[in-house]
Every structure is written in C-alpha cells, then in structure tokens.
Amino acid sequence: MTSNREIHLASRPQGWPTEDNFRLVETDVPTPGPGQIVVRNQYMSVDPYMRGRMNDVKSYVAPFAVDAPLDGGAIGEVVASQAADIAVGATVLHGLGWREYALLDATAARTVDSNLAPVSAYLGVLGMTGLTAYAGLLEVAAMKPGETVFVSAAAGAVGSLVGQIAKLKGAGRVVGSAGSPAKVERLRALGFDAAFDYHDGPVRDSLRAAAPDGVDVYFDNVGGDHLEAAISAMNLHGRAAICGMIAQYNATEPPPAPRNLALVIGKRLTLRGFLVNDHSDVRAAFVRDVAGWLREGTLSYDETIVDGIENAPAAFLGLLRGDNLGKMLVRVCGEAPC
C-alpha cells in the first residue's frame with residue numbers, strides 16, 4: 001500500500017463539535033528511519049478527554065494542532081521496521097491513532113501478545129481504560145470492603161469496569177447512573193445493586209432512593225449535577241475520584257453546579273482529581289487481577305465498534321452523545337480483515 005488516510009482537525013469547535021471540525025486527508029504511507037517502525041493500525045480509541053484537546057488552552061496535555069492529524073490510543077501490526085527490538089508482524093500498542101498507518105519511534109510502542117486476548121481489549125479492559133477504573137477506585141478513592149460506591153456514566157468504558165471491580169473487591173453496595181433504560185438494564189446484568197436513568201428525574205432524588213444509607217465512594221465521570229448529588233449523599237469521610245466531567249466538556253458557559261461545596265468541610269470529604277499516567281506503579285497488580293477475572297469469567301466488558309477511519313469523527317461525536325455501550329472503538333480497516 002502506498003496511500004494512507006488520516007483524520008485532521010480542520011477547525012476548533014465552539015461548543016459541541018460537528019463533522020465540519022474534521023477533515024479526511026490522503027497522504028503517502030511513511031517510510032521508517034533508524035529506530036523507527038510503521039504500524040498498520042487495526043483499532044483506535046476515541047475518548048472524552050480528546051474534546052478538551054480540541055481547544056487551544058493550556059492543560060495537562062498539549063492541544064491538537066489545526067490542519068494536522070489528531071492522535072490517541074491505537075493498536076496494530078508492524079509492517080516495516082528499522083528497529084532492532086520490534087520485528088515486522090509484531091502487534092504493538094501506541095499513541096498515534098486517527099490514521100491508517102503510523103510512523104513512530106520503536107521506544108514509543110509496546111508489544112502485546114495478540115494470542116492472550118482480542119487486540120481491541122488492549123485499548124479497553126486491559127489498557128488505559130481498565131487501569132483508570134482500577135487505580136481510580138482502589139488507589140485514589142481507596143475503596144474498602146463493605147462500602148457503598150456510586151459511579152456516574154456507569155455504562156461507559158470506565159464506569160462499567162469500576163462497578164464490577166468494586167463488587168469483586170468487596171463493596172457492600174454499588175450504584176450506577178446511565179442515560180437510557182437499556183443501559184440501566186445492562187448495569188443490573190453486570191452486577192450493580194441499583195441503577196437509574198438520570199433522565200427520569202433529579203439525580204439527587206434517584207441517588208437517595210438507590211443509596212438510602214449514603215455513599216462512601218463516588219467515581220465521577222460526569223461532574224455537574226451528578227457531583228452535586230454525590231456530595232449531598234456522601235457519608236462522613238467520603239471520597240470522590242474525579243476522573244472526568246463530560247457534562248461540561250461542550251459547555252460555552254460555566255456550569256451552575258455543584259452548589260454545595262461547603263458540605264465538603266463538615267463532612268470532611270476528599271475530592272481528588274487524577275490522571276491514569278500517575279498510577280503506573282499499580283499496572284502489574286492491575287494486569288494480574290484483571291487477567292484473572294477475565295479467565296474466570298467474573299469480569300465482563302462491552303465494546304461499540306464503528307468501521308472505517310473515515311467514520312472516526314462520527315464515532316467520536318457519538319461518544320459525546322452517549323451512543324456507546326462500553327468502550328467506543330474504530331476498526332480502522334473497516335469491515336476488511338485487519
């Protein structure tokens with residue numbers, strides 16, 4: 001193959017992104033130099049944090065450049081190599097998604113065993129997604145057996161794993177919120193003790209009914225009214241792991257909630273933001289536990305797969321709308337074998 005297709009950021013969104021903010025660009029397949037590899041991407045990840053990178057603001061990661069390809073987690077097969085440690089045919093995990101062929105230094109890729117699990121799992125349950133759930137719940141929020149855990153966006157890639165890991169680690173009660181009746185039913189099938197559709201009424205009322213004895217740990221993927229409701233429901237010395245605040249990613253005005261932050265004082269609450277890269281020290285324990293649960297069949301994961309690199313923008317927009325169940329992925333090569 002000599003032709004490579006990439007998705008570029010055509011313009012910075014104002015509020016909700018649209019298809020017009022993206023552009024499909026055809027380039028040549030790159031040639032590796034010394035120490036480099038070329039990867040034919042099989043799957044790429046679309047994630048909520050990418051919305052923030054579309055804004056030209058200072059953050060924990062550099063913004064995407066206009067008129068240049070976006071990037072993000074991807075996995076694929078090495079088709080050309082000038083690196084001693086990675087051979088042609090290896091399956092590697094790396095950070096240059098949003099394109100069919102990626103040129104990168106071999107040091108920026110991690111070889112994975114495609115015989116142990118489907119390759120897509122390394123972008124989800126066995127990758128950054130799973131580690132985010134594991135570290136956020138057990139390290140950041142320090143969940144203890146017997147405690148009540150509340151998870152927002154609980155049918156998403158991270159949230160669905162948080163709830164299951166909480167049960168596997170001995171939580172007394174696990175509650176999840178989601179955006180449709182079908183997602184609520186899925187949470188119950190995954191073992192959540194209670195779940196509710198946040199469209200059915202004020203979150204604070206639904207949470208009070210689902211967790212009448214209060215909440216000890218809140219895993220926040222949403223912010224806004226969910227965080228406000230969790231603060232009100234939290235027990236003394238409750239902890240919240242702040243993973244994401246998708247409710248305000250596309251807002252053009254400051255959000256009105258939470259309005260009850262003063263309760264943090266009297267309840268002696270801990271609200272702690274975190275980035276998954278800060279917790280690489282627990283990766284070995286994470287892989288050991290999750291691989292074991294997958295073998296035993298005690299941990300499940302969902303994937304929503306969109307075919308074709310040209311449909312990556314639509315997949316990302318669908319993620320922001322909540323169209324996905326579990327991890328949203330793009331099968332870069334479409335319906336053809338990867």
Side-chain angles (χ1 to χ4, degrees), residues 13-17 46-55 57 59-60 129 132-133 136-137 140-141 148-160 162-163 174-181 183-184 187 192 194-211 214-235 238-265 267 269-276 316-325 328:
Q14 301 298 317
W16 280 86
V46 292
D47 301 286
Y49 81 88
M50 294 175 176
R51 175 60 187 88
R53 294 189 64 192
M54 293 178 182
N55 299 329
V57 296
S59 185
Y60 61 88
T129 299
T132 299
L137 177 70
V140 178
T148 295
V149 177
F150 172 43
V151 188
S152 57
V158 172
S160 59
V162 171
V174 177
V175 176
S177 73
S180 72
K183 289 182 177 181
V184 167
L187 295 182
F192 282 67
F196 60 86
D197 184 339
Y198 61 80
H199 294 111
D200 288 345
V203 175
R204 65 177 182 275
D205 295 341
S206 298
L207 180 57
R208 187 180 301 117
V215 170
D216 301 297
V217 168
Y218 173 46
F219 196 103
D220 189 17
N221 294 302
V222 174
D225 57 351
H226 279 73
L227 179 56
E228 184 174 280
I231 289 172
S232 291
M234 273 185 158
N235 295 323
R239 291 93 61 208
I242 312 298
C243 178
M245 294 193 175
I246 197 169
Q248 65 191 60
Y249 287 170
N250 299 303
T252 56
E253 299 293 334
R259 297 159 293 188
N260 58 350
L261 282 175
L263 292 177
V264 171
I265 303 168
K267 292 187 174 185
L269 305 182
T270 299
L271 310 184
R272 183 179 169 190
F274 75 101
L275 298 177
V276 64
F316 176 71
L317 299 179
L319 172 77
L320 295 182
R321 291 191 302 266
D323 294 348
N324 58 301
L325 184 65
M328 179 71 93

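Source: prediction; values computed, not measured. Computed over heavy atoms, backbone and side chain alike; hydrogens, waters and symmetry mates excluded.
When each of T132, V151, V140 is checked for a side chain to side chain contact (heavy atoms under 4.5 Å, CB included) with C243, only T132 meets the rule.
Taking both residues in full, the closest heavy atoms of M54 and P13 are given as CB-CD, 3.7 Å, listed atom of the first, atom of the second, then distance. Counting all heavy atoms, side chain and backbone alike, A241 lies closest to A141 at CB-CB, 4.1 Å. Closest non-hydrogen pair, A210 versus F196, comes out as CB-CD2, 4.3 Å. Nearest approach of K183 to L325, heavy atoms of both residues: CG-CD1, 4.2 Å. V46 approaches M328 most closely through the heavy-atom pair CG2-CG, 3.2 Å. Residues V203 and A229 approach most closely at CG1-CB, 3.7 Å, considering heavy atoms.
One distance of note links CD of Q14 with CG of N55; it measures 8.0 Å at 0.5 Å rounding. A distance of 9.5 Å separates CG of L137 from CZ of R239, quoted to the nearest 0.5 Å.
Looking at E228 and R204, no side-chain N of the basic residue comes within less than 4.0 Å of a carboxylate O on the acidic one, giving no salt bridge.
Side-chain atoms of D47 never come within 3.5 Å of backbone atoms of Y49 as a donor-acceptor pair (strictly under, hydrogens ignored).
Side-chain contact between L227 and M245: present, with at least one pair of heavy atoms (C-beta onward) separated by less than 4.5 Å. Two residues are said to be in side-chain contact when any heavy atoms from C-beta on lie closer than 4.5 Å; P202 and D225 fail this criterion. Side chains of L207 and V215 form a contact here, defined as non-hydrogen atoms less than 4.5 Å apart. In this structure, the side chains of R51 and F316 come closer than 4.5 Å at one or more pairs of heavy atoms.
Listed by chain and number, the residues in a side-chain contact (heavy atoms from CB on, under 4.5 Å) with S152 are S177, Y218, D220, N221, V222, H226 (sequence neighbours excluded). Residues passing the ring pair (Phe, Tyr, Trp, His ring centres under 6.0 Å) test with F192: none are found, sequence neighbours excluded. Every residue meeting the side chain to side chain donor-acceptor pair (under 3.5 Å) condition with D216, not counting sequence neighbours, appears here in chain and number order: N235.
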